[in-house]
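Everything on this sheet refers to the single structure shown next.
Quick note: residue numbers are just sequence positions, from 1.
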Amino acid sequence: MSERADRLFAGTPDPGALLRALHAHVSAAPQRPALHSLGRTISYGKLWRRVERACAHLAGTWGVRPGDRVATLCLNHDLQLALLFACARLGAIFVPLNFRLAVPELSAIAAHAGIRMLFHDAPHAQAAAEVAAAAMHAPIDSLIDRPAALDTRLPQPSQPPGQAPLLLVYTSGSTGQPKGALHTQAGLLANARASWWAHGMTQDDHILSVLPLFHVGGLCIQTLPALLAGAQVTLHQRFAPDAWLAALAQTRATLALMVPATLRAVLEHPGWPQADLSSLRGVMAGSSPIPRAYIDAFHARGVPLGQVYGATETGPVSVVLRLDQAMARPGYAGWPQPEVRVRLAGADGTEVADGEVGELWLAGANLMQGYWRQPDHPDFRDGWFHSGDLAHRNADGCIEVVGRSKDMIISGGENIYPAEIENVLLGLPGVQDCAVVGLPDPRWGEVPVAVVVPAAGADRAALAHEALRETLALSIARFKLPRRVVLLDSLPKSALGKVLKPQLRAMLAMSSG
């Protein structure tokens with residue numbers, strides 16, 4: 001082990017596999033590019049030096065100790081990744097905050113997490129000062145902007161590093177108050193193994209990372225696994241379709257991760273038809289069901305569009321439609337990764353038969369340790385995460401997600417899955433976006449209501465209630481047809497583009513009441 005590694009690992013007999021995985025690439029090829037960010041290229045050796053300096057400042061300048069929560073509030077920044085590894089060495093817990101939230105929402109999360117330190121970028125300096133009223137805060141560049149001696153008497157984590165919590169990520173709160181999912185070092189490494197399997201990822205890959213690092217999707221599906229594999233990452237501060245397309249040509253990226261909103265933005269960009277996609281081995285997508293039209297558009301350009309199914313609580317890589325299967329099974333979630341167990345549970349918790357719909361339960365090494373300060377939460381029991389997603393499984397084990405249990409509409413005794421109607425709607429001319437929700441009905445119990453965002457220049461008459469029902473009747477059963485169609489300019493969405501259906505239901509209920 002090098003002298004530099006000795007210094008960072010000093011004071012603990014086992015610094016944990018996460019740091020060892022990174023250091024293996026530092027030792028083997030210190031000059032290999034690790035990160036391209038903010039106009040600079042950071043080699044694996046330089047990344048390691050940044051981790052060292054961040055670790056020294058955390059412990060020496062700010063007094064961070066094992067178990068302390070260290071937060072960030074910033075656009076995507078390479079120092080967030082250095083900070084994550086520094087927290088791993090100290091036994092501290094990294095808390096990336098969602099910069100899209102309002103200050104009162106951020107303050108509530110910061111108080112719930114009990115953060116000790118908050119690092120911010122320039123655009124979020126004022127918000128950080130308000131959020132961290134009871135804690136310390138500093139610019140994120142202060143982690144490395146001046147030398148700091150790494151004390152060989154660094155504090156030792158009280159738990160073995162593999163078991164020690166490292167990442168605390170808060171859910172979007174789309175169904176209530178945000179919950180903090182607590183992940184261990186061992187869990188993050190298990191998730192990296194799942195990602196390597198999902199993508200066939202090697203050190204020769206180049207990842208184009210544009211989704212926010214405050215979410216496990218942006219951080220843990222490709223970005224962190226790529227660094228643990230010795231690959232390169234081009235990190236954008238935030239997504240922009242023109243920058244994404246330009247970066248493909250400039251960097252020759254081999255892999256990228258998208259969500260429905262970013263896929264649509266790229267497909268609608270005037271540069272899409274001429275874009276050079278030849279370097280891409282494939283694009284992975286997740287967050288919510290992917291419209292078939294988006295999948296077909298990438299496949300028509302020869303780029304497989306795979307899918308990663310999971311949640312904040314599951315690491316998230318749990319069920320995967322791998323790139324070599326993507327064109328044969330478009331729209332499916334795929335198969336469980338090797339280290340995860342899946343149960344499709346009926347109402348009584350027993351496994352349903354192949355072909356029948358059940359709730360997706362997940363268990364495995366990549367799952368969270370539990371919810372922060374909520375040890376007995378009903379969504380995580382006996383090692384199983386109850387996802388709330390409904391799915392069925394084919395005889396060959398391939399899984400298709402059909403909707404959320406809370407979104408399922410029971411109308412006149414029939415189960416209606418909104419995703420089925422939404423997928424048809426999204427394939428119609430003039431429909432830019434849509435959502436289907438259930439509203440109470442005195443006769444049927446519930447009825448489906450379609451909310452449609454017309455595209456620019458759309459024939460709005462064709463999207464009116466009766467006209468749209470007639471079109472939909474060509475593709476779906478009559479009992480599934482929306483009883484009401486509402487046209488809106490936009491839908492309420494979370495940071496990753498998920499429609500906030502509780503808010504939408506409340507809006508519709510008020511407008512009809």
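With a 4.5 Å cut-off on side-chain heavy atoms, V357 and V402 count as touching. Counting only heavy atoms from C-beta outward, the side chains of L425 and L468 approach each other to under 4.5 Å. Between I409 and V436 there is a side-chain heavy-atom pair separated by less than 4.5 Å. A heavy-atom distance below 4.5 Å is not found between the side chains of L463 and V485. Between T202 and W196, the closest side-chain pair of non-hydrogen atoms is not below 4.5 Å. Counting heavy atoms from C-beta outward, F119 and L73 have side chains that stay 4.5 Å or more apart. Between I140 and H120, every side-chain heavy-atom pair lies at or beyond the 4.5 Å cut-off. Counting heavy atoms from C-beta on, the side chains of H236 and N76 never come closer than 4.5 Å.
Remark: side-chain polar atoms of D205 are not paired, donor with acceptor, to backbone N or O of T254 under 3.5 angstrom. Under a 3.5 Å cut-off, the side chain of D433 and the backbone N or O of V453 do not form any donor-acceptor pair. D141 places no side-chain N or O within donor-acceptor distance of the main-chain N or O of I144, the cut-off being under 3.5 Å. The closest donor-acceptor contact from the side chain of S27 to the backbone of A24 lies at 3.5 Å or more, if one exists at all. The backbone N or O of D396 sits nowhere less than 3.5 Å from a side-chain atom of N394 that would complete a donor-acceptor pair. Panel note: side chain N191, backbone C220; a donor-acceptor pair is recorded below 3.5 Å. Side-chain atoms of Q337 come within 3.5 Å of backbone atoms of V317 as a donor-acceptor pair (strictly under, hydrogens ignored). A donor-acceptor pair is defined here as one N or O able to donate and one able to accept, closer than 3.5 Å; no such pair exists between the side chain of E470 and the backbone of A467. With hydrogens and angles disregarded, no donor-acceptor distance shorter than 3.5 Å links the side chain of Q503 to the backbone of L500. Side-chain atoms of T262 do not come within 3.5 Å of backbone N or O of M258 as any donor-acceptor pair.
The salt bridge (charged side-chain N to carboxylate O under 4.0 Å, His left out) pairs that include a residue from residues 35-45 are R40-D78, where partners are two or more places apart or lie in different chains.
A cation-pi geometry, defined here as NZ or CZ lying under 6.0 Å from the six-membered ring centre and within 45° of its normal, does not hold between R393 and W335. A cation-pi arrangement, defined by a distance under 6.0 Å to the six-membered ring centre and an angle within 45 degrees of its axis, is present between R341 and W384.
To the nearest 0.5 Å, atoms CG (L81) and CG (L235) are separated by 6.5 Å. Interatomic distance, CD of E400 versus CD of Q307, reported as 9.5 Å (0.5 Å rounding). A distance of 5.5 Å separates OG in S43 from CZ in R49, rounded to the nearest 0.5 Å. Within the model, atoms CG of D296 and CZ of R301 stand 14.0 Å from one another, a figure rounded to the nearest 0.5 Å. Atom CG of L263 and atom OH of Y294 lie 7.5 Å apart (nearest 0.5 Å). Between the CG atom of D354 and the SG atom of C398 there is a distance of 11.5 Å, given to the nearest 0.5 Å.
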Inset, instruction - List the steps and the verdict of side-chain contact (heavy atoms from CB on, under 4.5 Å) for V342 and W361. - result: CA-CA 6 Å; V342 169; W361 292 8; over 6 Å; no
Inset, instruction - In sequence, state the C-alpha distance, the side-chain angles, and the governing distance for S37 and H77, and then conclude on side chain to side chain donor-acceptor pair (under 3.5 Å). - result: CA-CA 7 Å; S37 172; H77 199 294; 5.6 Å; no
Inset, instruction - Assess whether side-chain contact (heavy atoms from CB on, under 4.5 Å) is satisfied between V70 and I93, documenting all intermediate values. - result: CA-CA 6 Å; V70 179; I93 300 172; over 6 Å; no
Inset, instruction - Kindly indicate, with the supporting measurements, whether the criterion side-chain contact (heavy atoms from CB on, under 4.5 Å) is fulfilled by V169 and H215. - result: CA-CA 7 Å; V169 186; H215 191 276; 5.7 Å; no
Inset, instruction - Give the C-alpha distance, both sets of side-chain angles, the deciding distance and a yes or no for ring pair (Phe, Tyr, Trp, His ring centres under 6.0 Å) between F380 and Y371. - result: CA-CA 8 Å; F380 192 55; Y371 288 115; 7.0 Å; no
Inset, instruction - Go through the steps for I290 and V259 under the test side-chain contact (heavy atoms from CB on, under 4.5 Å), then give the verdict. - result: CA-CA 8 Å; I290 312 302; V259 295; over 6 Å; no
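Considering every non-hydrogen atom in both A253 and S279, the closest pair reads O-OG, 2.6 Å. What you find for F385 and T314 is that their closest heavy atoms are CD2-CG2, 3.6 Å. Scanning all heavy atoms of the two residues, the minimum distance from P448 to I421 falls at CB-CD1, 4.4 Å. The nearest pair of heavy atoms linking P482 to L472 is CD-CD1, 3.6 Å. When every heavy atom of G218 is checked against every heavy atom of L213, the shortest pair comes out as O-CD2, 3.5 Å. The two residues G331 and I295 have their closest heavy-atom pair at N-CD1, 3.5 Å.
Remark: R53 pairs with no residue by the side chain to side chain donor-acceptor pair (under 3.5 Å) rule, at least two apart or across chains.
Between H36 and T41, the side chains place a donor N or O and an acceptor N or O closer than 3.5 Å (distance only, hydrogens not considered). Looking at S209 and T223, their side chains do bring a donor and an acceptor atom within 3.5 Å of each other. There is no side-chain donor-acceptor pair under 3.5 Å between H386 and E359. For the residue pair Q80 and T72, a side-chain donor N or O sits within less than 3.5 Å of a side-chain acceptor on the partner. A donor-acceptor pair shorter than 3.5 Å can be found between the side chains of Q222 and H199. Looking at Y309 and S387, their side chains do bring a donor and an acceptor atom within 3.5 Å of each other.
A salt bridge is defined here as a Lys NZ or Arg NE, NH1 or NH2 lying under 4.0 Å from an Asp or Glu carboxylate O, and D204 with R281 fails to meet this definition. Using a 4.0 Å cut-off between charged side-chain N and carboxylate O, E422 and K480 make no salt bridge.
Among the candidates Q232, H25, R32, the single residue satisfying the side-chain hydrogen bond (donor to acceptor under 3.5 Å, both in side chains) test with Q203 is R32.
Residue R238 places its CZ atom among 12 or fewer non-hydrogen atoms of other residues, nucleotides or ligands, all under 6.0 Å distant.
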